[in-house]
Asks: 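Below is one structure. I have some questions about it.
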Amino acid sequence: MEDHLETILRGIGPLGAYDQPVVESLGLSLHEEIVSDLDLPRHDSADIDGYAVAAQDLAGASTTGPVELPVVGEIVSGSGKPFAISSGTCVTIMTGAPLPHGADAVVPVEHVRGDHARVGFTRPATPGQNVRRQGEDVQAGTLVLPEGSVLGPREIGLLASVGRSRIKARPRPRVVIISTGRELREPGEHLGHDSVYDGNSSMIAAAVRAAGAIAFRVGAVGDDPRQFQRVLSDQLVRADLVITTGGLGHSRRDVVRQVLGNVGTVQFHDVALEPGHDQGFGRVLDEETPLIALPGDPVSAFVAFEVFALPALRRLMGRTPYRRPQVHAVLAEDIASEPGQREYVRGIFEVTHRGAKVTPVKGRGAHLIGHLAQANALIVVGEDETALNLGDTVRTIVLDRSF
């Protein structure tokens, strides 16, 4: 397994970065350092609605002896006009509005008596009270996001707040997904007595999108080598990576192995993986587009995507770690496994008051997609392990978590 994964990761490099709109950059990896050109906040400003004052003017203010000041104006955010007050005056101010020159505190409305022209302050104020200081969040010239940062909603909000409308980032990989097999039909079509619906291409397309890439689901292609090669050739114009499922056997009907052995550098291996030992990787046709060939059974395809294709996608995107982290959980049932292969057993992971536990899903067949849909985790059984017992602490991959 490690040999095959290393071959894939060595054969795929990160995509080149280019300028992209910040609003479209969710999940992308920065290819530049972001240094702020401005302070946040840009100026001292009000933290609440109230009255901007010079704190020294309110010395000795109390409920029995309020200090009265005339209101000489109103400041609201976005007015675009600088404002100043003289000693012995005040202004009404809205949250976020710039503090006027001459003021150093903001008094909330509930601590003030009187009308709009003249008000009485019933408590003293301290300098800096209810004031947002210039640069207390971000200072101009400081690094706010290092290269390699993955952009989530909070990072995108920060970028926009420091005035960046575009950033240099690695793009989302474009992934073409092709299922093979003459028995496959599109969901909703009529089924013959020996045909089945193509679930693999939809499953893998969804997994590609969940990884943050762009999926182009071609659907099912039959067992005609010329048709498969024509479809593959037509799709490469929009592909940074191709993923196929099925067709990896050794009969003349196994179109993926038959065609790809002649149109590029794809090599096929019997990998020590259960389920899904048949695997392929290489580059195809004149475009030398990387291609990952997965098995046709749905559980095998899903497991192989998780352990081989997902790391490849994250490498294309410049994201690390490549592999989903493993956690430890207590095993709720015994598991037996064949030696010499790494097995990924479907399981249900949960955290109880006693800690994390994982329960194997009944049924180990590579075709049992109903059982696969019940699982939210994969239990890792090592190559040298033939039995894991109830109560053992086991390595577990928790699916669908961001990392």
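Basis for what follows: all heavy atoms, side chains included, without hydrogens, waters or symmetry-related copies. Numbers here are sequence positions counted from 1.
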Asks: Could I get the full list of side chain to side chain contact (heavy atoms under 4.5 Å, CB included) partners for V231, not counting sequence neighbours?
Replies: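 Testing V231 for side chain to side chain contact (heavy atoms under 4.5 Å, CB included), a comparison that skips the adjacent residues, returns I178, V218, V221, Q227, Q235.
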Asks: Can you sort out the partners of P21 under side chain to side chain contact (heavy atoms under 4.5 Å, CB included), two or more places apart, ordered by chain and number?
Replies: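 If we apply the side chain to side chain contact (heavy atoms under 4.5 Å, CB included) test to P21, skipping adjacent residues, the hits are V23, E24, R166.
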Asks: Filter on ring-ring contact (aromatic ring centres under 6.0 Å, His included), then keep only pairs touching residues 147-197, sequence neighbours left out; what's left?
Replies: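 Counting only pairs at least two positions apart or across chains, no ring-ring contact (aromatic ring centres under 6.0 Å, His included) contact touches residues 147-197.
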Asks: So for atom CG, which belongs to D37, do other residues, nucleotides or ligands contribute more than 12 heavy atoms lying within a distance under 6.0 Å?
Replies: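 Counting other residues, nucleotides and ligands, CG of D37 stays at 12 neighbours or fewer.
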Asks: Please tell me if the side chains of V266 and F281 come closer than 4.5 Å, counting only heavy atoms from C-beta onward.
Replies: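 Counting from C-beta outward, V266 and F281 never come under 4.5 Å.
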Asks: So V35 and T142, do their side chains get closer than 4.5 Å, heavy atoms only?
Replies: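 No, too far: nothing below the 4.5 Å cut-off.
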Asks: Quick check: do R346 and R364 have side-chain heavy atoms less than 4.5 Å from each other?
Replies: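 Yes, at least one pair of side-chain atoms sits under 4.5 Å.
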Asks: List the residues meeting ring pair (Phe, Tyr, Trp, His ring centres under 6.0 Å) with F308, not counting sequence neighbours, and say none if there are none.
Replies: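 In terms of ring pair (Phe, Tyr, Trp, His ring centres under 6.0 Å), with neighbours along the sequence ignored, F308 is linked to H4.
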Asks: Could you list the residues that satisfy salt bridge (Lys or Arg N to Asp or Glu O under 4.0 Å) with E33, not counting sequence neighbours?
Replies: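 E33: no salt bridge (Lys or Arg N to Asp or Glu O under 4.0 Å) contacts found.
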Asks: Could you tell me the separation between the CG atom of L99 and the CD1 atom of I85, rounded to the nearest 0.5 Å?
Replies: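 Going from the CG atom of L99 to the CD1 atom of I85 covers 7.5 Å.
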Asks: Please list, chain by chain and in numerical order, all residues satisfying salt bridge (Lys or Arg N to Asp or Glu O under 4.0 Å) with E155, sequence neighbours excluded.
Replies: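 E155 satisfies salt bridge (Lys or Arg N to Asp or Glu O under 4.0 Å) with no other residue.
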Asks: Going by heavy atoms in the side chains, are V91 and T89 under 4.5 Å from each other?
Replies: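 V91 vs T89: side chains apart.
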Asks: Which donor-acceptor pairs under 3.5 Å do side chains of residues 367-376 form with protein atoms, sequence neighbours excluded?
Replies:
unit_1	atom_1	unit_2	atom_2	d
H371	NE2	K362	O	3.1
N376	OD1	F349	N	2.6
N376	ND2	F349	O	3.1

Asks: Could you list the residues that satisfy side chain to side chain contact (heavy atoms under 4.5 Å, CB included) with D198, not counting sequence neighbours?
Replies: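 With neighbours one apart ignored, the set is S179, L184, E186, N200, S201, R217, A220.
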Asks: Going from CD1 on I12 to CZ on R10, what distance comes out if it is rounded to the nearest 0.5 angstrom?
Replies: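 Atom-to-atom, I12:CD1 and R10:CZ are 13.5 Å apart.
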Asks: Go through the structure and list residues passing salt bridge (Lys or Arg N to Asp or Glu O under 4.0 Å) with D254, not counting sequence neighbours.
Replies: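 D254: no salt bridge (Lys or Arg N to Asp or Glu O under 4.0 Å) contacts found.
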Asks: Going by an N to O cut-off under 4.0 Å, is there a salt bridge joining R324 and E306?
Replies: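 The answer is yes: the pair qualifies as a salt bridge.
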Asks: Apply salt bridge (Lys or Arg N to Asp or Glu O under 4.0 Å) to D44 and list each qualifying residue two or more places apart in sequence or on a separate chain.
Replies: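 Once residues adjacent in sequence are excluded, the partners of D44 under the salt bridge (Lys or Arg N to Asp or Glu O under 4.0 Å) criterion are R133.
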Asks: If you look at every heavy atom in P173 and A213, which pair is closest and at what distance?
Replies: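 The answer is O-CB, 3.4 Å.
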Asks: Is E2 paired with R323 through a side-chain N to carboxylate O contact shorter than 4.0 Å?
Replies: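 Result for this pair is yes, salt bridge flagged.
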Asks: Rounded at 0.5 Å granularity, tell me how far CD1 in I8 sits from CG in D3.
Replies: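 The distance works out to 11.5 Å.
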Asks: Which is it for T95 and D47 under the side chain to side chain donor-acceptor pair (under 3.5 Å) test, yes or no, and what are the steps along the way?
Replies: CA-CA 5 Å; T95 302; D47 196 39; over 6 Å; no
Asks: How long is the span from the CG atom in D137 to the OG atom in S36, to the nearest 0.5 Å?
Replies: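 So the gap between those two atoms works out to 9.5 Å.
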Asks: To the nearest 0.5 angstrom, please state how far the CD atom of Q267 sits from the NE2 atom of H269.
Replies: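 If we round to the nearest 0.5 Å, Q267:CD and H269:NE2 are 4.5 Å apart.
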Asks: Residues two or more places apart in sequence or in another chain: which of them pass side chain to side chain contact (heavy atoms under 4.5 Å, CB included) with P171?
Replies: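 Expected list: L15, Y18, Q20.
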Asks: Does CG belonging to D270 count more than 12 external heavy atoms closer than 6.0 Å?
Replies: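 Yes, the 6.0 Å shell around CG holds more than 12 heavy atoms from other groups.
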Asks: Is it the case that more than 12 heavy atoms not belonging to H43 sit under 6.0 Å from its NE2 atom?
Replies: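 Correct, the count exceeds 12.
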Asks: Is a salt bridge present between R123 and E110, judged by a nitrogen-to-oxygen distance below 4.0 Å?
Replies: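 No, this pair does not count.
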Asks: Distance only, no hydrogens: is a donor on one side chain within 3.5 Å (strictly under) of an acceptor on the other, for T289 and D240?
Replies: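 On atom types as modelled, these side chains do not qualify, holding no pair under 3.5 Å.
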Asks: Just distance, no hydrogens or angles: give the donor-acceptor pairs under 3.5 Å from side chains in residues 394-403, sequence neighbours left out.
Replies:
none

